[in-house]
Structure formats: structure tokens, C-alpha cells
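In what follows, chains are A, B, ... by sequence order, proteins preceding strands, each numbered from 1. Just so you know, these numbers use all the heavy atoms, side chains as well, and skip hydrogens, waters and symmetry mates.
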Protein chains: 2
Amino acid sequence: MTEKQKEILSIAMELFAKEGFDAVSTSRIAKSANVSEGLIFKHFKSKQGLLDAILQLGQEAVEGLLTSLKEEDSPKEIIRQVIQMPFDMDEEQYHFWRLLYSLKWQADVYDESISEPIKEFLTQAFRKLNYGHPKLEAETLLILMDGIATTVLLKKPKNQNRLMKHVLNKYNL
Amino acid sequence: MTEKQKEILSIAMELFAKEGFDAVSTSRIAKSANVSEGLIFKHFKSKQGLLDAILQLGQEAVEGLLTSLKEEDSPKEIIRQVIQMPFDMDEEQYHFWRLLYSLKWQADVYDESISEPIKEFLTQAFRKLNYGHPKLEAETLLILMDGIATTVLLKKPKNQNRLMKHVLNKYNL
DNA sequence: CAAATTTGTGAGTGATTACTCACTTACTTT
DNA sequence: AAAGTAAGTGAGTAATCACTCACAAATTTG
């Protein structure tokens with residue numbers, strides 16, 4: 001991948017995440033990335049193709065995270081890691097997730113395939129801990145994490161740490 | 001308010017909610033509402049003005065809900081009502097909330113003024129019930145409700161009732 | 001009833017959109 | 001070094017965008 005390709009992807013992800021896919025024009029992306037507009041279409045075929053490439057890269061990064069979860073077998077540790085996830089994101093992850101969350105609301109593009117495997121792990125973990133309704137418990141925790149991710153992505157609250165500890169405490173961690 | 005005005009507002013809210021503010025053109029709104037495009041601008045000045053009018057109406061409807069919460073003084077009942085909120089929406093409320101939630105992700109328009117008063121009520125309720133950290137508890141519940149509202153608005157899950165009862169059960173209700 | 005105001009139309013506006021294309025420049029391969 | 005391929009440019013395109021405006025129809029007011 002060329003330097004300019006990487007630059008286009010990086011700038012586009014940041015702009016899409018901050019302002020929304022529809023609100024950012026290919027001409028603005030080209031200017032911000034110091035690249036001719038034509039190059040975007042040479043490499044990514046269309047604006048949608050550019051978005052697809054961004055999502056593809058992010059998806060692969062997420063799968064890396066999942067692998068480390070898979071190797072963990074202590075149920076308490078699995079739950080702890082899931083709860084901690086939204087609280088430690090670097091800037092690139094931050095942009096990716098913000099983009100992904102904003103795309104949920106665009107017509108019919110919602111995709112829950114990312115959280116589905118995590119739900120499986122959580123269900124197993126709650127079952128091992130003898131929770132009454134492990135699947136429902138996993139769904140509820142995931143929904144809570146979705147809410148937490150949303151507030152972190154949108155509001156960057158100051159007392160994230162207190163919130164995290166409070167949630168961990170609710171699950172005796 | 002004219003019939004055509006109401007029609008414009010209703011159609012625009014539905015389209016904005018389903019496809020996003022940027023993705024819907026004034027020309028499409030006019031066609032869907034069987035109205036000339038000029039009329040939209042005569043009544044609402046700009047596309048942004050149309051959005052503002054929609055949000056204004058929704059805001060007023062929400063304030064009605066808050067009033068009934070205010071009159072409730074049993075802490076358990078307050079918490080129960082907050083938890084039940086996202087599970088009973090009529091179609092118009094559904095469109096309004098979906099629009100509001102999608103707008104969160106547009107650049108810098110996020111507005112938490114709607115949930116702020118609810119947070120106050122909840123904090124008081126948790127305090128009355130001798131929870132250790134009533135404010136943190138209220139924040140956490142609101143974040144969970146935000147996550148639940150998101151899944152209801154996006155996925156319309158089949159077993160909403162089981163989820164609701166599970167959450168109520170977590171708060172001994 | 002007449003005047004005035006409001007409601008409504010539809011053809012137009014310049015600006016911006018995603019995208020194309022003929023072309024040059026840089027790098028690889030033989 | 002010659003030929004072939006990939007990277008990159010920038011001016012152009014038709015379509016669509018939000019918005020305006022001169023005007024007509026309907027309604028309200030004096």
C-alpha cells in the first residue's frame with residue numbers, strides 16, 4: 001500500500017468519524033490528504049469503496065482483539081476484559097469505532113457480526129459462574145457496554161475510571 | 001398549523017429518522033409530502049429550520065413525559081418507569097427518538113439536556129433506597145437505558161419483554 | 001365586497017456533488 | 001535501455017443540492 005493510499009484512508013476515517021459519511025465530500029478528503037481527487041477513485045473505485053476499505057481494516061484489527069479474548073479461559077477475566085474494552089482505545093481505534101457507531105443509524109447498514117462472538121464468550125463465562133440466565137446476562141452486559149462506548153465516544157467523560165470500577169464492582173470484579 | 005405544514009413535518013421526521021438528515025434532500029421531502037419544494041422554505045426558512053421545528057415538537061412531547069415522572073414520589077416507581085420508557089414507544093415517538101439518536105453522531109450537535117433532569121430524579125430515588133453511590137448508580141442506569149433504546153430503535157428485538165423483566169429484576173422491581 | 005395577508009406553486013439559480021478521462025510521472029521487469 | 005505497468009494529476013461532466021422568486025390561489029380582515 002502506497003503512502004498516499006494510507007494517507008487517504010487515515011484522513012477519510014477521521015473525517016467520516018467526526019462529521020459523518022454523507023457530510024464529507026471526496027473533494028475535501030483529497031484536499032486534506034494533499035492528493036488529487038482522481039486518485040481516490042483510482043484506488044478505491046467509489047466513495048463507498050473507500051468506506052468499505054476503511055471498515056475492512058478496522059474489522060481486521062478487531063479480530064486481533066478477539067483472538068486474545070479467545071485464549072483467556074478464566075470467566076472472571078473474560079468479563080473484566082470486556083468491561084474494560086471501551087475505556088482503553090488509542091486514537092485510531094477511537095476514530096474507527098466512532099465511525100462504526102455513526103453508521104449504525106444510516107439506512108439498513110447495521111451489522112451485529114462484530115459483537116456476536118463476544119456474546120458467545122460472555123454467555124459461557126456467566127454460565128461457568130452459575131448465573132441464572134447466562135445468555136440474557138451476556139446480552140444485558142453487551143448492551144450496557146454499547147451505552148458506555150457511546151458516552152465515551154461522544155462525551156469523553158472525565159470520571160471514566162470511577163464509572164469503570166463501578167461496573168466492575170457490579171459483577172464482583 | 002396548516003395540514004400541509006403538518007404533512008411536511010411528519011414526512012420529514014420519518015425520512016430523517018430512517019435515512020439520516022444529510023441523506024434526505026428537500027426535493028424528496030416535497031415529493032413525498034405532495035407539496036412544492038418552495039413551500040418547505042416558505043414555512044421553515046431552511047432545511048436546518050425544518051429540522052429545528054421537528055426537534056422542537058419532540059422536545060415538547062418529552063417534557064410532557066417528564067411532568068408525569070415529577071409527580072411520582074415512590075423511588076421504586078420512578079426507577080421502574082425509567083426502565084420501562086424505551087419499551088413502549090408509539091410510531092411517532094419511535095421516529096423522533098431514532099432521529100435524535102442519529103443526530104448525536106453528527107458533528108458537535110450532541111445535547112444531553114433531555115436526560116439531565118431524569119438523572120436528577122434517579123439520583124434522588126437511589127438515595128432514598130440507600131444505594132452506596134446514588135449519582136453513579138443513576139448515571140450507570142441511564143447509560144444502560146441508552147444502550148437499550150439503541151437496540152430497540154435499531155434492531156426491534158423479539159424478546160423485549162424478557163430483557164425488560166431481567167433489568168427490572170436487577171433493581172429488585 | 002375589496003383590500004390585504006397568507007398559503008402555495010414551479011421554474012429557475014449558482015454551488016457542490018461523485019465520478020471520468022486523457023494525460024504525465026515514477027517505478028518494475030526483461 | 002526499452003517496454004510495460006502502476007501511481008498520480010487536474011480539468012472536465014452531468015446530476016443533484018439547498019434555496020429564491022415572481023406569481024397565482026385561497027383565506028382573513030376591514
- Item | Reported CD1-to-CD1 distance for the pair A:Ile143 and A:Ile148, which is rounded to 0.5 angstrom |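 The distance works out to 12.5 Å.
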- Note on the structure: Whether each nucleotide of nucleotides 23-28 of chain C has a protein heavy atom under 4.0 Å at its base (B), only at its sugar-phosphate (S) or at neither (-) is summarised, 5' to 3', as ------
- Task: Report, as a single string ordered 5' to 3', how protein heavy atoms within less than 4.0 Å touch nucleotides 15-20 of chain D: B base, S sugar-phosphate only, - not at all.
- Result: --SBBB
- Derivation and outcome, salt bridge (Lys or Arg N to Asp or Glu O under 4.0 Å), residues A:Lys104 and A:Asp146: CA-CA 12 Å; A:Lys104 285 187 191 182; A:Asp146 230 56; 2.7 Å; yes
Between [X] ([atom1]) and [N] ([atom2]), how many Å, whole number?
| X | N | atom1 | atom2 | result |
| --- | --- | --- | --- | --- |
| B:Asn34 | C:dG8 | CG | P | 13 Å |
| A:Leu9 | D:dA7 | CG | P | 13 Å |
| A:Leu39 | D:dA11 | CG | P | 16 Å |
| B:His43 | C:dT9 | NE2 | C1' | 12 Å |
| B:Ile8 | C:dG8 | CD1 | P | 8 Å |
| A:Met1 | D:dA6 | CE | P | 17 Å |
| A:Lys31 | C:dT16 | NZ | C1' | 10 Å |
| A:Gln5 | D:dG8 | CD | P | 7 Å |

- Query: Is it the case that more than 12 heavy atoms not belonging to A:His133 sit under 6.0 Å from its NE2 atom?
  - Reply: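 No.
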- Query: More than 12 heavy atoms of other residues, nucleotides or ligands under 6.0 Å from CD of B:Glu92: is that the case?
  - Reply: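 12 or below, so no.
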- Message: Set out, in order, the CA-CA distance, both residues' side-chain angles and the distance that settles salt bridge (Lys or Arg N to Asp or Glu O under 4.0 Å) for B:Glu19 and B:Arg28, then state yes or no.
- Response: CA-CA 12 Å; B:Glu19 307 183 26; B:Arg28 267 192 65 208; 2.9 Å; yes
- Quantified as the angle between the terminal helix axes (five pairs each), what is the overall bend of the helix from C:dC1-D:dG30 to C:dT30-D:dA1 to 10 degrees?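 Nearest ten degrees gives 10° for this helix.
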- Considering residues at least two apart in sequence or located in another chain, which fulfil the salt bridge (charged side-chain N to carboxylate O under 4.0 Å, His left out) criterion with A:Lys6?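 Scan of A:Lys6 (salt bridge (charged side-chain N to carboxylate O under 4.0 Å, His left out), adjacent residues dropped) gives A:Glu3.
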- Task: Return the set of residues passing ring pair (Phe, Tyr, Trp, His ring centres under 6.0 Å) with B:Phe21 (not counting sequence neighbours), or none when no residue passes.
- Result: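 Ring pair (Phe, Tyr, Trp, His ring centres under 6.0 Å) list for B:Phe21, sorted by chain: B:Phe16.
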- Taking ring pair (Phe, Tyr, Trp, His ring centres under 6.0 Å) as the test, write out the residues that go with A:Tyr131, two or more places apart.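 Partners of A:Tyr131 by the ring pair (Phe, Tyr, Trp, His ring centres under 6.0 Å) criterion, ordered by chain and then number, come out as A:Phe126.
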- With a 4.5 Å heavy-atom cut-off, do A:His43 and A:Lys4 have their side chains touching?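 No - every pair of side-chain heavy atoms lies 4.5 Å or more apart.
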- Message: Grouping I, L, V, M, F, W and Y whenever their side-chain heavy atoms are under 4.5 Å apart, do B:Leu163 and B:Leu168 come out in a common cluster?
- Response: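 Linked within one cluster.
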- Task: May I ask you to say whether A:Glu137 pairs ionically with B:Lys170, meaning some side-chain N is under 4.0 Å from a carboxylate O?
- Result: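 Between B:Lys170 and A:Glu137 there is a salt bridge, with a charged N closer than 4.0 Å to a carboxylate O.
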